[in-house]
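This is a predicted model, so every value here is computed, not measured.
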Amino acid sequence: MKFAIVSKGDNRSDTIKATMKQYLTEFDLEYDEDEPELVISVGGDGTFLEAYHRYLHRLEETAFIGVHTGHLGFYTDYTPDELEKLIIEIAKTPFQTVEYPLLEVIIRSKTGEKEDRLLCLNEVMIKTADGSSVVLDVEIKGEHFETFRGDGICISTPSGSTAYNKALGGAIIHPSFEAIQLTEMASINNRVFRTIGSPLILPKHHTCMLRPMRDSSFLISIDHYTNTFSNVKSIQCRVANEKVRFARFRQFPFWNRVRDSFVSDGESRF
């Protein structure tokens, strides 16, 4: 089996990377950063997102697994003290995979340039570049739903619902649901302007179209990567056809992750 390792870059993570690379190659696994079948993330959720985007072009051929070296990691299954066990499992045990849905974002320009198609593991966040209010017409399944005015909009995947979406008051969604969630950032609601004011959960066959009502430059963040877009005609969001694959050598239910990450009063597994 071919594998690659993406490290956070600190001393602890780099040491773990070197150790895993040494022992796994001694077990006759092949280290291949170009065409890995398994990508091991060593760090936190940010490192995992980096690994995902680095191998985005290989979603059908590559599975991911994480080793955590920080304070909190939602995508990471293993801690450094479990390293020996993980190495043996990777070397000796065929892994199972679970698939999580992704968010497809298509950004179209008024100038007719080639559209940008992006795949999010966590979320897309839309704000204006100058800090002014975001004004967007929101369409669902081709019909006008509302005109949003506020600081911005976050659209998340089920696995990303525990990230920024949760901080905005959005719901936590089990990743077995093929859905996306639209959550408002400080919407303006008064006698003149009105939004639904609640998170919206859209199933796979529903497309959300956001159409800017002002000529603004937008800061659009795809997971932890942020770019500025001008002359935006529309931002289309829906459940992607592609999925991300996670390698599993043991069961760790989603709700156990949520409990241990946010509400457990005992000693954390991290």
Side-chain angles (χ1 to χ4, degrees), residues 1-8 17 20-21 24 27 29-68 73-79 82-83 85-105 117-124 155-163 165 172-181 203-204 222-225 237-258 261:
M1 182 177 68
K2 297 179 180 180
F3 73 98
I5 304 174
V6 177
S7 169
K8 181 180 179 181
K17 175 181 177 178
M20 296 192 74
K21 183 177 180 181
L24 288 174
F27 276 115
L29 275 68
E30 179 181 352
Y31 190 79
D32 187 338
E33 292 189 347
D34 295 323
E35 297 181 340
E37 299 164 69
L38 178 68
V39 171
I40 305 164
S41 164
V42 182
D45 283 347
T47 309
F48 194 96
L49 288 171
E50 179 185 348
Y52 159 76
H53 281 277
R54 185 178 300 183
Y55 293 99
L56 187 58
H57 62 291
R58 286 186 52 82
L59 291 179
E60 292 186 0
E61 297 86 12
T62 300
F64 299 85
I65 195 166
V67 177
H68 191 71
F74 201 84
Y75 286 122
T76 50
D77 283 353
Y78 289 84
T79 54
E82 298 176 301
L83 200 59
K85 178 181 179 181
L86 176 59
I87 290 171
I88 293 173
E89 286 179 332
I90 292 174
K92 301 294 186 180
T93 309
F95 59 80
Q96 303 293 316
T97 60
V98 295
E99 295 183 337
Y100 284 3
L102 298 170
L103 166 63
E104 177 193 76
V105 179
R117 182 179 184 269
L118 308 161
L119 291 176
C120 310
L121 177 57
N122 266 6
E123 74 275 299
V124 57
I155 301 180
S156 65
T157 65
S159 56
S161 67
T162 58
N165 167 77
I172 295 177
I173 303 175
H174 194 282
S176 63
F177 288 97
E178 293 188 272
I180 59 174
Q181 181 171 188
K204 184 174 183 178
I222 302 295
D223 294 330
H224 61 324
Y225 296 100
C237 301
R238 62 187 176 193
V239 176
N241 291 326
E242 299 91 338
K243 292 186 177 182
V244 62
R245 299 165 64 237
F246 292 86
R248 290 284 187 265
F249 294 97
R250 63 183 180 188
Q251 294 297 317
F252 199 86
F254 176 78
W255 295 118
N256 289 16
R257 293 174 185 268
V258 173
S261 296

Quiz prompt | Check against side chain to side chain contact (heavy atoms under 4.5 Å, CB included), Lys8 and Lys17 | solution = CA-CA 10 Å; Lys8 181 180 179 181; Lys17 175 181 177 178; over 6 Å; no
Exercise. Show the numbers, then the answer: is there a salt bridge (Lys or Arg N to Asp or Glu O under 4.0 Å) between Arg245 and Glu61?
Key: CA-CA 9 Å; Arg245 299 165 64 237; Glu61 297 86 12; over 6 Å; no
Exercise. List the steps, then state whether side chain to side chain contact (heavy atoms under 4.5 Å, CB included) holds for Val42 with Val6.
Key: CA-CA 6 Å; Val42 182; Val6 177; over 6 Å; no
Exercise. Kindly determine whether Tyr100 and Phe64 satisfy ring pair (Phe, Tyr, Trp, His ring centres under 6.0 Å), including the steps that lead there.
Key: CA-CA 11 Å; Tyr100 284 3; Phe64 299 85; over 10 Å; no
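To the nearest 0.5 Å, the span separating OG on Ser161 from CD on Gln181 amounts to 6.5 Å. The CG atom of Leu121 sits 11.5 Å away from atom CD1 of Ile222, with the distance rounded to the nearest 0.5 Å.
In this view, Tyr225 and His53 satisfy the ring-ring contact (aromatic ring centres under 6.0 Å, His included) rule, not counting sequence neighbours. Listed by chain and number, the residues in a side-chain hydrogen bond (donor to acceptor under 3.5 Å, both in side chains) with Glu33 are Tyr31 (sequence neighbours excluded). Scored by the side-chain hydrogen bond (donor to acceptor under 3.5 Å, both in side chains) test, Ser41 finds no partners at all (sequence neighbours excluded). Listed by chain and residue number, Phe254, Trp255 satisfy the ring-ring contact (aromatic ring centres under 6.0 Å, His included) test with His174 (two or more places apart in sequence, or in another chain). Not counting sequence neighbours, the partners of Lys243 by the salt bridge (Lys or Arg N to Asp or Glu O under 4.0 Å) test are Glu178. With sequence neighbours excluded, the residues forming a side-chain hydrogen bond (donor to acceptor under 3.5 Å, both in side chains) with Thr62 are Arg58, listed by chain and number. Contacts of Ala240 classified as side-chain contact (heavy atoms from CB on, under 4.5 Å), with partners at least two apart in sequence or in another chain: Leu102, Glu104, Leu119, Glu242. Tyr75 is linked by a side-chain hydrogen bond (donor to acceptor under 3.5 Å, both in side chains) to Asn122, Ser159, counting only residues two or more places apart in sequence or in another chain. Lys2 meets the side-chain contact (heavy atoms from CB on, under 4.5 Å) test with Glu30, Asp32, Glu35, Glu37; sequence neighbours excluded.
Looking at heavy atoms from C-beta onward, Cys237 lies in side-chain contact with Ile180 at the 4.5 angstrom threshold. Within the 4.5 Å cutoff, the side chain of Ile40 has heavy atoms near those of the Val67 side chain. Looking at Pro101 and Thr157, their side chains never come closer than 4.5 Å, going by heavy atoms from C-beta outward. Residues Thr162 and Asn165 have side chains not in contact (no heavy-atom distance under 4.5 Å, counting atoms from C-beta outward). Contact of the Phe249 side chain with the Asp77 side chain is not registered, since no non-hydrogen atoms from C-beta on lie closer than 4.5 Å. Contact annotation: the side chain of Ile65 approaches that of Leu38 to within less than 4.5 Å [non-hydrogen atoms, C-beta and beyond]. Counting heavy atoms from C-beta on, the side chains of Ile155 and Glu123 never come closer than 4.5 Å. Counting only heavy atoms from C-beta outward, the side chains of Ile5 and Phe3 approach each other to under 4.5 Å.
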Show every donor-acceptor pair shorter than 3.5 Å between a side-chain atom in residues 87-99 and any protein atom, with sequence neighbours excluded, or say none if there are none.
from: Glu89; atom 1: OE1; to: Tyr78; atom 2: OH; distance (Å): 2.9

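Side chain of His68 to backbone of Gly43: a donor-acceptor contact under 3.5 angstrom is found.
Thr47 and Glu50 share no donor-acceptor pair across their side chains, judged by distance under 3.5 Å alone.
Taking every heavy atom of both residues into account, Asp34 and Tyr55 meet most closely at O-CE2, 4.5 Å.
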